[in-house]
There are 2 protein chains.
Amino acid sequence: MHTIYLVDDEVNLNRVLVKYLEQEGWQVKSFTSGEAAASAIIEKPDLWILDIMLPDLDGFQLIKRIKAHDETTPVIFISARDEDIDKIIGLEMGSDDYIAKPFLPRELVIRVKKILARAYATPKTGLIRYGDYTIYPEKRVIEENGQEIDLTSKEYDLLILFATQIGTPMSREQILVSVWGDDYFGSDRVVDDLVRRVRKKLSKLELETIYGIGYRLVAA
Amino acid sequence: MHTIYLVDDEVNLNRVLVKYLEQEGWQVKSFTSGEAAASAIIEKPDLWILDIMLPDLDGFQLIKRIKAHDETTPVIFISARDEDIDKIIGLEMGSDDYIAKPFLPRELVIRVKKILARAYATPKTGLIRYGDYTIYPEKRVIEENGQEIDLTSKEYDLLILFATQIGTPMSREQILVSVWGDDYFGSDRVVDDLVRRVRKKLSKLELETIYGIGYRLVAA
DNA sequence: AAGGATTTCCGCAGAATTATGGGAGAATCT
DNA sequence: AGATTCTCCCATAATTCTGCGGAAATCCTT
């Protein structure tokens, strides 16, 4: 389930949009001022929907802060003013989509779905970069500066697990389920072993140990 | 994997576009001047994206040189000026598509996908080269330096499957469905057998075993 | 700083997977 | 029909991967 933060000072529209978005099963939090929204950036929602015109901090300033905090967080702009729209497109504010007022809530929902799917789907196509490494998920290949590195299937599964969730700590339990499947009943020490093997082969991967918890991949 | 050369002197836009294009798994090289780009024509990228307005050599001169070098290389123009757009459409500069600024990176990616698909679709008629081998898909024939090699029908099906997906690992399941059809219920070890026979006949084909996964054809 | 808990490191045996050789039956060709 | 090729499958060999025990190192708490 995804969390969506909505920022729009028109309370009526705000209320309507929240209703529509919640109807899709998303968890929505709404703000009517830029400052209030800014202080919620650390909560890391899965998607931001920003109106450009806001009483205090405007949408452009807001997106800068959001992207500064996490480059990958998707943002959708909404605005009524043509010059804002031009600015969004022309200056490349880093938004993932925009929608011009007036619009049907239905339309917004469609865009949100699309953006969420793209941002949080394991990229079957496309690639993942991590420092000098380039990962081609669909080819089960990882290269270091063009030089392919051999990984066994479990090693690769682990890599993908972490590479698609950079920064998120993973418990041994989670790793076991993801790599071994939920029908594995051996010791969870095998995870340590697998981590060790991956670290050895991919020495530039910052696989951090979280004592008593598990592991996480630190952003490059 | 395709290589795309991008020429645009607006560094900001340039950087953003590179990011988006790389995300799709393409290899991107970017230039901020026409002269720099011109000297890279011999490197034969799979696609050029050209801004019209450039400090030295403009997009129109650039496309002439590109097409002179290889008529078939696809080119996409981008420009902000209406008169450029008119010129592109009216004078038939040989571009395969154009896109007016401002635009969303997403939009460009869609066009690029379309152009690449059109230009580099594995031709049903036409041939595939792999090292010393030349494959004529429509004739179901493969030659090694002009010398035809006999393959049985399943062997040929397997070859085509891999040759059209070079580098991508194929599970036994996928191979079974593709070569035998989805109504085959025997053991999937027949795949090993088929691979063995193809390897024997086409010894220069790097059909790699991926332990626990399946097989893949390594790029020549 | 000590002590217990947790993690890392190491090597190897056995488990799992794949390669190979050969044979029987099916399919195809003459 | 007979001959030839093709396909499937089995048994065995070869290979690769992985789990485990235990020792060493590291981390956290007191």
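Just so you know, these numbers use all the heavy atoms, side chains as well, and skip hydrogens, waters and symmetry mates. Lettering of chains follows the sequences in order, A, B, ..., and the numbering in each one begins at 1.
Checked for salt-bridge contact, B:Arg216 and B:Glu206 miss the test: no charged N lies under 4.0 Å from a carboxylate O. A salt bridge links A:Arg140 with A:Asp157: the closest approach of a Lys/Arg side-chain nitrogen to an acidic carboxylate oxygen falls below 4.0 angstrom.
Taking both residues in full, the closest heavy atoms of A:Leu127 and A:Pro137 are given as CA-CD, 4.1 Å, listed atom of the first, atom of the second, then distance.
Among residue pairs with one or both ends in residues 47-57 of chain A, those qualifying as salt bridge (Lys or Arg N to Asp or Glu O under 4.0 Å) are A:Asp51-A:Lys101; sequence neighbours excluded.
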Evaluation steps, ring-ring contact (aromatic ring centres under 6.0 Å, His included), between A:Phe60 and A:Phe77: CA-CA 9 Å; A:Phe60 293 128; A:Phe77 274 132; 5.7 Å; yes
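Between B:Tyr133 and B:Tyr130, the two ring planes are parallel [angle under 30°; tilted spans 30° to 60°].
Boundaries of the chain B contact region on DNA chain C are C:dA16 to C:dG22, first to last in 5' to 3' order (nucleotide atom under 4.0 Å from a heavy atom).
Between the two ends of the helix from C:dA1-D:dT30 to C:dT30-D:dA1, each summarised by a five-pair axis, the helix axis turns through 50° (rounded to 10 degrees).
No side-chain donor-acceptor contact under 3.5 Å links B:Ser187 and B:Arg172.
At distances below 3.5 Å, not a single donor-acceptor pair connects side-chain atoms of A:Ser178 with backbone N or O atoms of A:Gln174.
Residues from residues 187-206 of chain B that place a heavy atom under 4.0 Å from any atom of DNA chain D, listed by number: B:Ser187, B:Val190, B:Asp193, B:Arg196, B:Arg197.
Annotation: ring pair (Phe, Tyr, Trp, His ring centres under 6.0 Å) contacts of B:Phe31 (sequence neighbours excluded): B:Tyr5.
Atom CD in A:Glu155 sits about 14 Å away from atom C1' in D:dG19, given to the nearest Å.
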What pairs of nitrogen or oxygen atoms, one from the protein and one from nucleotides 27-30 of chain D, lie under 3.5 Å apart?
residue: D:dC27; atom: O2; partner: A:Tyr211; partner atom: OH; Å: 3.4

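Rounded to the nearest 0.5 Å, atoms CG (A:Leu161) and NZ (A:Lys154) are 13.5 Å apart.
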